[in-house]
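FYI, side chains are in, hydrogens and waters are out, and symmetry mates aren't considered; it's all heavy atoms of this structure. Note that the structure is a prediction, hence the values are computed from the model and not measured.
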Amino acid sequence: MSHTQDGSELLTGPGAGGLLRSAVGNSGGVLHSWQLDHVDHRPGRSTKALYRTQVSWPELDGPQAPAREELFGASAHIGEREKNLYVAEQTLVMTDGDINVRVWRYPHDPWLPMLPQVCYPDIVGPTLHDLGASIGPDPSVPIAIDVVSYRPGRRAVLRASQGDRAVYLKVMQPHRSGEIVDRHDRLHAAGVPVPEVIAHHHGLVVLAELPGRPLARAVIDEGVDACRAEDLVALLDRLPASMYSLSLRPPWTDSVDFYSGIVSSSVPSLGPRLDALVRSIRDGLAALEQRMDMRPHDVVHGDFYEAQVFVENGKVVGLLDIDTVGPGRRADDLACLLAHLSVLADYGNAGRIDRATQERVEEAIGTWREMFSDRVDPTELALRSAGVVLSLATGPHRQQEAAWEAATEAIVRVAEEWVSAARRAEAERDADLAAKHAATAPVADSRQVAPASPTQGPTGVRQVPPQPAAPQSGPPENTGPLPPQPLSPRPVPTTGPHAPPPQPSGSGSDTGDDSPTQERRIDSILPG
């Protein structure tokens, strides 16, 4: 097996066909075709991939039976060992002495032992019945199962429905489910509109369906009328202070080097732009630390974007995916939402959404950003948005989108525009301070000479000594402030010289291990 140091070339190149053929043949099947569907690449460490295949099973279905569509997962580890492996019996391991590759047939994911118990219509009913969470009166009646998202080795979300009732099944690595249930219970008791936990088992949490519809869908249809910016901030402010004691949620900007590495490994030509982008974000945040307190003072959601919020009649009625709630900065949550929306809006420039939809999303970004900038520092808001957008640039390759190279470049461009917006916000702030200082300066009297006064800092700015930064995924490059730019209003980033503000792939944040990952789809409208 030829391979890179993390198995990415092996699992995404032509050699993957040989691995799949061996795995299928070992189980008595015949592989007819395969297509890479999803890849999680962690440079220098490991790779996981998901494939859609056409397979026939002569011994099961007969020699003349048509091929079935099957999902297969594969993992390659070289830079790190496999951990939290629960059920390995129905997997095939191949090795050449240097790298181990594990292949399995969905749903027998060795990291998600509860997945086979909930993914089949004739099995999920008895499983829910045993947990005291039956959907209907007769557990033997088949239940419809829809896969909302599946990330091999990490998690799956399924919707189980019977008639007009539905529940969501969140499958995860067993060591994590107790913590997730505790967070739901605490938030629900505090009046935060999170889904009620109906039942749970090691590696499975059954959640009630939320009212309303995802903000992702509403903002596409209604734009800014989907809900008020004030209500979005108020939802976050309802997160109880008692959860400040949970583990620190590092901001997306702490991991810009990690995301830049993933993107540059898939599109090497973007390397110089990515280096400059990371440096600008790092330097800009370092400059902010010189004039404001950047410590994590708030309880944050940690992955706050439009697929996680539910609305109804213009009101916020629900919040999903609270796995990452903990201490942080409010600017990170607000930037996460703006970043996702800006990538969604930019789809209009590639023809992926129509012009009317693009305009509605742009209007929502502009209106909501104005209010958010009254709550948090606008320069920080823009820099944090740039960091989140960079994390989203890993999505097109991971999700194997059509023309993913061009889609990746477009997202990098949106991140660059947020950095430009940060520079404009900082220049506007400097100009406002200069104007206030000039207005309050004493007028010279020709009849007397005013005594010299000591030099003072900018009027109205609270001087705070630099604080230690939160733990980061890599050492920041604090080499200086953002270079000054001409004064201009605070627009949302644009994608062309004459374009108005421009207007993401599973949903939710992966917290299955201690490494930063990114799995959302901007255009996802299902709960995750």
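Remark: the backbone N or O of Ala160 is not paired with any side-chain donor or acceptor of Asp146 at under 3.5 angstrom. Put simply, the side chain of Arg238 gets close to the backbone of Gly191: a donor and an acceptor are under 3.5 Å apart. Side chain of Asp298 to backbone of Arg330: a donor-acceptor contact under 3.5 angstrom is found. Side-chain atoms of Asp109 come within 3.5 Å of backbone N or O of Trp111 as a donor-acceptor pair. Checked by atom type and distance alone, the side chain of Thr127 pairs as donor or acceptor with a backbone atom of Gln117 at under 3.5 Å. Proximity of a side-chain donor or acceptor of Arg360 to a complementary backbone N or O of Ile220 within less than 3.5 Å is detected.
Because its NZ or CZ atom is both nearer than 6.0 Å to the ring centre of Trp57 and within 45° of the ring axis, Arg105 counts as a cation-pi partner of that residue.
Side-chain atoms of Thr324 and His301 include no donor-acceptor pair closer than 3.5 Å. Of the N and O atoms on the side chains of Ser75 and Arg102, not one donor lies less than 3.5 Å from an acceptor on the other residue. For the 3.5 Å distance criterion, the side chains of Arg355 and Gln358 qualify, holding a donor opposite an acceptor. A side-chain donor from one of His175 and Tyr86 sits under 3.5 Å from a side-chain acceptor of the other. Side-chain polar atoms of Asp354 and Thr357 form a donor-acceptor pair below 3.5 angstrom.
Around NE2 of His200, the count of heavy atoms belonging to other residues, nucleotides or ligands within 6.0 Å does not exceed 12. Taking a 6.0 Å sphere around NE2 of His202, one finds it holds 12 or fewer heavy atoms contributed by other residues, nucleotides or ligands.
Between Arg398 and Asp37 there is no salt bridge, since no side-chain nitrogen of the basic residue lies less than 4.0 Å from a carboxylate oxygen of the acidic one. Salt bridge status for Arg329 with Asp332: absent, with no side-chain N to carboxylate O gap under 4.0 Å. A salt bridge links Arg213 with Glu222: the distance from a Lys NZ or Arg NE/NH1/NH2 to an Asp or Glu carboxylate oxygen falls below 4.0 Å. Contact check on Glu69 versus Arg52 returns a salt bridge, with a Lys/Arg side-chain nitrogen under 4.0 Å from an Asp/Glu carboxylate oxygen. Look at Glu209 and Arg159 and you find a salt bridge, because one of the NZ, NE, NH1 or NH2 atoms lies within 4.0 Å of a carboxylate O, short of that distance.
Between Pro251 and Arg384, some side-chain heavy-atom pair lies under the 4.5 Å cut-off. For the pair Asp303/Cys336, a side-chain contact is recorded, criterion being any heavy-atom separation below 4.5 Å from C-beta on. Inter-residue side-chain proximity for Pro174 and His201 is flagged as unmet; no heavy-atom pair is nearer than 4.5 Å. Residues Leu187 and Pro240 have side chains in contact (heavy-atom distance under 4.5 Å, counting atoms from C-beta outward). Looking at Val309 and Val316, their side chains come closer than 4.5 Å, going by heavy atoms from C-beta outward. Between Leu320 and Phe310 there is a side-chain heavy-atom pair separated by less than 4.5 Å. By the 4.5 Å heavy-atom criterion applied to side chains, Val167 and Leu207 are not counted as neighbours. Phe258 has its side chain out of reach of Leu390: every pair of non-hydrogen atoms, C-beta onward, lies at least 4.5 Å apart.
The side chain to side chain donor-acceptor pair (under 3.5 Å) test with Asp323 is passed by exactly one of Arg249, Lys170, His184, Arg183: Lys170. Across Val192, Leu246, Val181, a single residue satisfies side-chain contact (heavy atoms from CB on, under 4.5 Å) together with Arg186, and that is Leu246.
Under the side-chain hydrogen bond (donor to acceptor under 3.5 Å, both in side chains) criterion, Arg228 pairs with Asp231, not counting sequence neighbours. Evaluation of the salt bridge (Lys or Arg N to Asp or Glu O under 4.0 Å) rule for Arg21 yields no partner, not counting sequence neighbours. Listed by chain and residue number, Trp34 satisfy the ring pair (Phe, Tyr, Trp, His ring centres under 6.0 Å) test with Tyr51 (two or more places apart in sequence, or in another chain).
Taking every heavy atom of both residues into account, Ala339 and Leu392 meet most closely at O-CD1, 4.3 Å. The minimum heavy-atom distance between Val311 and Ala218, with the atom names listed, is CG2-CB, 3.6 Å.
The distance from atom CG of Leu232 to atom CH2 of Trp368, rounded to the nearest 0.5 Å, is 5.5 Å. Here the CG atom belonging to Leu128 is positioned 6.0 Å from the CG atom belonging to Leu169, to the nearest 0.5 angstrom.
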Practice problem: Determine, step by step, whether Asp185 and Val197 satisfy the side chain to side chain contact (heavy atoms under 4.5 Å, CB included) criterion, reporting the C-alpha distance in whole Å, the side-chain angles of both residues, the deciding distance to 0.1 Å, and the verdict. | Solution: CA-CA 7 Å; Asp185 290 345; Val197 175; 4.3 Å; yes

